[in-house]
**Q** 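After the structure tokens below, expect a handful of questions from me.
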Amino acid sequence: MSILVDKDTRLVVQGLTGKEGTFHAKQMVEYGTNVVGGVTPGKGGTTHEGIPVFNTVAEAARNAGANASVIYVPPAFAADAIMEAADAGIPVVVCITEGIPALDMVKVKEYLRDKQTRLIGPNCPGIISPGKCKIGIMPGHIHKEGRVGVVSRSGTLTYEAVGQLTSLGLGQSSAIGIGGDPIVGTSHVDALKLFQEDDETDGIVMIGEIGGTAEEEAAAFAKQNVTKPIVAFIAGQTAPPGRRMGHAGAIIAGGKGTAAEKMAALSGAGIHVVKSPADIGSAMKAALAN
């Protein structure tokens, strides 16, 4: 099984006719994702790379049966694109765009509060259920169908973990990159809940980084609610306080959000914490063997 996306996913690409949208839409189609339309205002009624283009997400939902959206639009317009997809009743919205102003995301978070839409991202690689559906920018070929769930704030570390798992013969049920911004639609806790409820996920890899309290919250949730083995890695163990490292949310502020604090919280919840990303795959294999 998989979480959030599968063979029944019908994807619309917001920003299809732009450079990024075109490139990644072709990759997703090649992987086997059912891309049923694109949205570029003013270009409705045309086709692009063989994909029908609509003026609005609502039109794509109505005419092409779209039930998921991926957003490749510039930062200034991305928040509106997310809200438009939610307005059209799209259940899963993946926003790849990075550099969206935090204030815009505050508005989006509030707007989604009473909607049925699950937002993944922004500033994320997306989500893949190997062999079924890929939404985003991750390299499809490194993934393999299987029973390990992966959730990560970092795109490149997601690929690193997946590559290790695949090389050890451990496939993935789904891999989800939740994004590295301070305000994201799906948290570690949300992902842990989905993997815990998925009958075909046996173990979970969780990759966090310095900044915020998301990993501590995940540790508290896992201790009470997750029965499956979890292997965790925290990036930024040598980061100096007060300096943003890579992601917008990766900053130790007011003495909070350090890697040491997060690793202690995770260990205290009975989670297998590795100190190097190179050990993620072998630790998961060992955890599943016990």
Side-chain angles (χ1 to χ4, degrees), residues 2 4-100 104-105 108 111-112 115 117-143 155 158-159 174-177 179 185:
S2 53
L4 302 176
V5 302
D6 55 26
K7 284 213 180 292
D8 296 325
T9 298
R10 296 174 65 81
L11 183 67
V12 60
V13 180
Q14 290 176 255
L16 170 69
T17 57
K19 190 175 137 200
E20 296 287 317
T22 299
F23 177 81
H24 290 294
K26 284 161 80 173
Q27 301 268 315
M28 290 185 287
V29 168
E30 207 174 289
Y31 190 77
T33 303
N34 189 10
V35 179
V36 297
V39 173
T40 302
K43 294 192 179 176
T46 64
T47 61
H48 183 72
E49 298 290 344
I51 300 166
V53 181
F54 301 93
N55 286 318
T56 66
V57 180
E59 276 178 34
R62 193 166 55 243
N63 299 322
N67 58 13
S69 162
V70 64
I71 295 170
Y72 297 98
V73 303
F77 312 108
D80 281 345
I82 295 168
M83 293 188 281
E84 184 192 344
D87 217 33
I90 301 290
V92 176
V93 177
V94 179
C95 185
I96 306 300
T97 309
E98 70 173 300
I100 301 175
D104 285 7
M105 283 309 300
V108 167
Y111 188 79
L112 294 180
K115 303 283 188 295
T117 295
R118 153 88 58 198
L119 171 65
I120 298 168
N123 186 13
C124 77
I127 180 168
I128 183 168
S129 292
K132 302 182 182 80
C133 178
K134 155 184 141 116
I135 301 180
I137 60 175
M138 68 289 288
H141 69 273
I142 64 171
H143 298 78
T158 311
Y159 314 151
S174 296
I176 175 170

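Along the sequence shown, residues carry numbers from 1. Just so it is clear, the values below take in all heavy atoms, side chains as well, and ignore hydrogens, waters and symmetry mates.
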**Q** Determine, step by step, whether Thr33 and Cys133 satisfy the side-chain contact (heavy atoms from CB on, under 4.5 Å) criterion, reporting the C-alpha distance in whole Å, the side-chain angles of both residues, the deciding distance to 0.1 Å, and the verdict.
**A** CA-CA 5 Å; Thr33 303; Cys133 178; 3.8 Å; yes
**Q** Tell me, please, which residues at least two apart from Pro139 pass side-chain contact (heavy atoms from CB on, under 4.5 Å).
**A** His141, Ile142, Tyr159
**Q** For Thr40, run the side-chain hydrogen bond (donor to acceptor under 3.5 Å, both in side chains) check against Thr46, Thr17, Asn55 and tell me which one passes.
**A** Thr17
**Q** Would a 4.5 Å heavy-atom cut-off, applied to side chains only, mark Val94 and Cys124 as touching?
**A** yes
**Q** Above 12 or not: heavy atoms from other molecules or residues under 6.0 Å from OH of Tyr111?
**A** yes
**Q** For Glu49, give me all partners under salt bridge (charged side-chain N to carboxylate O under 4.0 Å, His left out), at least two apart in sequence or on another chain.
**A** Lys26
**Q** Testing the basics here: between Leu119 and Met105, what is the closest heavy-atom pair and its distance to 0.1 Å?
**A** CD2-CE, 3.9 Å
**Q** Quick one: closest heavy-atom pair of Ile96 and Ile137, and the distance?
**A** CG2-CG2, 3.9 Å
**Q** Scan residues 58-73 for pairs that pass salt bridge (charged side-chain N to carboxylate O under 4.0 Å, His left out), counting only residues two or more places apart or in two chains.
**A** none
**Q** Find the distance between CD1 (Ile128) and CE (Met138) and round it off to the nearest 0.5 Å.
**A** 5.5 Å
**Q** Quick check for you: to the nearest 0.5 Å, what is the distance between Ile90 atom CD1 and Lys115 atom NZ?
**A** 14.0 Å
**Q** Do you know which two heavy atoms are closest between Ala60 and Val39, and how far apart they sit?
**A** CB-CG2, 4.3 Å
**Q** Who pairs with Phe54 by ring-ring contact (aromatic ring centres under 6.0 Å, His included), at least two apart in sequence or on another chain?
**A** none
**Q** Just to verify, what does Arg118 make a salt bridge (charged side-chain N to carboxylate O under 4.0 Å, His left out) with, not counting sequence neighbours?
**A** Asp190
**Q** Report the residues that fulfil salt bridge (charged side-chain N to carboxylate O under 4.0 Å, His left out) with Lys7, sequence neighbours left out, ordered by chain and then residue number.
**A** none
**Q** Going by side-chain contact (heavy atoms from CB on, under 4.5 Å), name the residues that satisfy it together with Val29, two or more places apart in sequence or in a different chain.
**A** Val35, Ile51
**Q** Can you name the residues that form a side-chain contact (heavy atoms from CB on, under 4.5 Å) with Ala68, not counting sequence neighbours?
**A** Thr9, Leu11, Val92, Ile135
**Q** Enumerate the salt bridge (charged side-chain N to carboxylate O under 4.0 Å, His left out) contacts for residues 82-95, please, sequence neighbours excluded, ordered by first and then second residue.
**A** none
**Q** Can you name the nearest heavy-atom pair linking Ala86 to Thr117, along with the distance?
**A** CA-OG1, 3.4 Å
**Q** Minimum heavy-atom separation for Cys95 and Ile100, please, with both atom names.
**A** SG-CD1, 3.8 Å
**Q** Nearest heavy-atom pair of Ala78 and Val73: which atoms, and what distance?
**A** CA-CG2, 3.5 Å
**Q** Quick one: CG on Asp6 to CG on Asn34, what's the gap to the nearest 0.5 Å?
**A** 11.0 Å
**Q** Look only at the side chain of Thr97 and the backbone of Pro75, and say whether a donor-acceptor pair between them is shorter than 3.5 Å.
**A** no
**Q** Between atom OH of Tyr31 and atom CD of Gln27, what is the distance when rounded to the nearest 0.5 Å?
**A** 12.0 Å
**Q** Of all residues at least two apart in sequence or in a different chain, which pass the ring-ring contact (aromatic ring centres under 6.0 Å, His included) check with His143?
**A** none
**Q** Is there any salt bridge (charged side-chain N to carboxylate O under 4.0 Å, His left out) pair reaching into residues 28-46, and which pairs are they, with sequence neighbours excluded?
**A** none
**Q** Going by side-chain hydrogen bond (donor to acceptor under 3.5 Å, both in side chains), name the pairs with one or both residues in residues 63-78, residues two or more places apart or in two chains.
**A** Gln14-Ser69
